[in-house]
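Here is the structure we will look at.
Below, chains carry the letters A, B, ... as their sequence lines are ordered, and counting in each starts from 1. Note that the coordinates shown come from a computational prediction; the quantities given were computed from them, not determined experimentally.
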Protein chains: 2
Amino acid sequence: MNLTILGCYAATPRTLTNPTSQVLEIKNRMFLIDCGEGTQVQLRKNKIRFSKINHVFISHLHGDHVYGLIGLISTFSLLGRKNDLHVHGPKGIKEMMLVQLKLSASWTTYNLYFHELEGNESQVVFEDDKVIVRTIPLKHKVYTNGYLFEEKPAERKLHIGKVEDYGIDTCYYQKIKNGSDITLDDGRVISNSELTFDPPAPKSYAFCSDTLYSEDILPIINNVDVLYHESTFLDTEEYLCEKTMHSTAKQAATIAKKANAKHLLLGHFSTRYDSIELFKEEAQTVFENVELADDGKFFEF
Amino acid sequence: MNLTILGCYAATPRTLTNPTSQVLEIKNRMFLIDCGEGTQVQLRKNKIRFSKINHVFISHLHGDHVYGLIGLISTFSLLGRKNDLHVHGPKGIKEMMLVQLKLSASWTTYNLYFHELEGNESQVVFEDDKVIVRTIPLKHKVYTNGYLFEEKPAERKLHIGKVEDYGIDTCYYQKIKNGSDITLDDGRVISNSELTFDPPAPKSYAFCSDTLYSEDILPIINNVDVLYHESTFLDTEEYLCEKTMHSTAKQAATIAKKANAKHLLLGHFSTRYDSIELFKEEAQTVFENVELADDGKFFEF
């Protein structure tokens, strides 16, 4: 599982900072999460192949999270894309995109599917044999969801030496990987635990931007490996959180701690501060394992 | 009169090239012309003050000419803009912007006026005491206008020595500047040509992007000082012009020559070519005074 930050700053794109967008690669699937203006250029800069992106997850319809999507959709067409593209996001995202395509007399060279959300409970929005994605309802000025990306538990790994020693036929291997004990021809029962060992633990990533501090999300993100949580402000500007419906670094760290997350990744920084290191320092007063997102940064988990 | 090229490449934004946008400063007025994705960042990079832009002219609703506008409109609000903003462009541009503002539950901190165009004849879209702007109907896949920006003729300049020698009272100066002869108290008539000299010739700039080769525009742009004309292709790809409704460098030069333009500025280059110098070489086989637009280039005319 790895993550490329394309942009992680609040509000407006600037010469050296980009609005929110990131690419999560999990079990060989590439998911684009949010798509602020300039995302297609950031994808190119970070050498991410456009054709590998088949699913886009948009948290909410504020410009700094979605204004780059229409350009990306259009560019895919100009490049002759054939693969389906699935866009998951709040109700209204389809209208927002189609009005622009209609008025520019454009169309897509591929099938473009919109999966619009309007529920206030966590729901599954994507699932295949390896990965499951759920919404994390957030509290913001407009309808907003974070997303929880989880690897599905892998099958158990064979102790190949043991299995061969017992002379077990290969046709039983899948059954063993699925967790079964095995009865040999002589009647002995070999327990699964003797024949297998644990696969790597499935990994998970929670993306939470933008949101007011909310403990309601804790049951959804409990024990997550990596929590990306917005920290627009430092504690000194905590008084702005209620009005703008954003969080501080300290609040993000509190959520990470209470959710028993392994790593906390901070982002959505207001550009009012001189150094983003201040966010890390503040968060680490509450939770040790903090990393800072930054445009172009690559994380491997 | 000066011009800053923010972007001048066709189709999609790339790491080092931007879609169409430029800023014309004429008689101290700043006009933004077209607004592809990334324009707001290009404005910052080129140190153009957002607050000086009060009029935006959009040629057509293809993404590479308009997808940066909603971000700019939003950023103006985030910065607390108070000045009115006027957007001139094809019918539909208002819907395109308002749907996005509505769905992101955003509004502007300033008055935002749309001036929608749908006529097929040249028309005046802006006029004040110093400058007049007209449409240049173009031939493209969707409804498209170029724009002709013209300084109004200035008043005549006084030969101040002459005027004083004749003892003419200052209350007549404005009349003389407006072109009148003067009758002195002793009855002598002094011709205006003796008292004044020509002001600098009014300058003009024609922006023509995107378009199929069309001589219909010649009467509108006749004798223009600077003609920006798209040249998406070289002559070797002339066969693509009809289908895509674009022009070659040679065709742009032919228009410049037939319009008796002083300068030709080429832009809207397809990124398929190794060097944009090829466009200049081709155009100069027809018209001598050719310059190449390029992102970040500044021209003073």
Side-chain angles (χ1 to χ4, degrees), chain A residues 7 10-19 36-47 50 58 60-79 89-106 140-144 270-271, chain B residues 7 10-19 36-47 50 58 60-79 89-106 140-144 244 271:
Chain A
T12 74
R14 287 164 182 263
T15 308
L16 299 172
T17 64
N18 293 278
E37 185 177 348
T39 293
Q40 57 176 314
V41 170
Q42 285 295 95
L43 285 169
R44 286 190 194 268
K45 275 189 188 162
N46 289 280
K47 302 197 188 314
F50 286 7
I58 300 293
H60 64 303
L61 297 184
H62 278 164
D64 55 332
H65 296 256
V66 72
Y67 282 169
L69 183 57
I70 185 65
L72 192 66
I73 286 172
S74 301
T75 292
F76 282 167
S77 282
L78 287 169
L79 300 176
K91 187 166 167 58
I93 195 166
K94 182 175 178 178
E95 181 187 0
M96 192 183 258
M97 296 303 122
L98 293 194
V99 162
Q100 295 183 81
L101 290 174
K102 180 193 77 179
L103 287 168
S104 64
S106 302
H140 195 41
K141 296 181 89 168
V142 294
Y143 176 71
T144 303
S270 163
T271 51
Chain B
T12 73
R14 286 164 183 263
T15 309
L16 298 172
T17 65
N18 293 278
E37 185 176 348
T39 293
Q40 56 176 313
V41 170
Q42 285 295 95
L43 285 169
R44 287 190 194 268
K45 275 190 189 162
N46 289 279
K47 303 198 190 310
F50 286 6
I58 300 292
H60 64 302
L61 297 184
H62 279 165
D64 55 331
H65 296 256
V66 72
Y67 283 169
L69 184 57
I70 185 65
L72 192 65
I73 286 172
S74 302
T75 292
F76 282 167
S77 281
L78 286 169
L79 299 176
K91 187 165 168 58
I93 195 165
K94 182 176 178 177
E95 181 187 2
M96 191 182 259
M97 296 303 122
L98 293 195
V99 162
Q100 294 182 83
L101 290 174
K102 180 193 76 177
L103 287 168
S104 64
S106 301
H140 194 42
K141 295 180 89 168
V142 294
Y143 176 72
T144 304
T244 60
T271 51

Handout entry: Contact origin within T39(B) toward chain A - heavy atom pairs under 4.5 Å
Key = backbone
Exercise for the section: Please confirm whether the backbone N or O of G38(A) pairs with a side-chain atom of E37(B), one donor and one acceptor, at under 3.5 Å? Expected result: yes
Fill in the blank from the handout: One option among S104(A), G92(A), S106(A), P19(A) has the most heavy-atom pairs under 4.5 Å with chain B, and it is S104(A)
Practice task
Select, from R14(B), H65(B), K45(B), the one with the greatest count of heavy-atom pairs under 4.5 Å involving chain A.
Solution key: R14(B)
Fill in the blank from the handout: The interface call for L103(A) against chain B, heavy-atom contacts under 4.5 Å, is both
Practice task
Report the option among P90(B), G68(B), S74(B), G63(B) that has the most heavy-atom pairs separated by less than 4.5 Å from atoms of chain A.
Solution key: S74(B)
Fill in the blank from the handout: Ranked by heavy-atom pairs below 4.5 Å to chain A, first place among H62(B), Q100(B), K91(B), K141(B) goes to Q100(B)
Handout entry: Between CG on residue L43(A) and OG1 on residue T15(B), distance to nearest 0.5 Å
Key = 10.0 Å
Fill in the blank from the handout: Of all heavy-atom pairs linking Y67(A) and G71(B), the shortest is CD1-CA, 3.8 Å
Practice task
Would you please name every residue forming a side chain to side chain contact (heavy atoms under 4.5 Å, CB included) with K102(A), sequence neighbours left out?
Solution key: E95(B)
Problem - Nearest atoms (heavy-atom pairs only) where M96(B) meets V99(A) - result: CA-CG1, 4.2 Å
Exercise for the section: Tell me, out of L79(A), L61(A), L16(A), who's got the most heavy-atom pairs with chain B below 4.5 Å. Expected result: L61(A)
Handout entry: Closest non-hydrogen atom pair between V142(A) and A105(B), with its separation
Key = CG1-CB, 3.4 Å
Problem - With F76(B) via ring-ring contact (aromatic ring centres under 6.0 Å, His included) - residues at least two apart - result: F50(B)
Fill in the blank from the handout: Applying a strict 4.5 Å limit to non-hydrogen atoms, the region of I70(B) in contact with chain A is both
Practice task
Specify the closest pair of heavy atoms between V41(B) and P13(A), including all atoms of both residues, with the distance to one decimal.
Solution key: CG2-CB, 3.7 Å
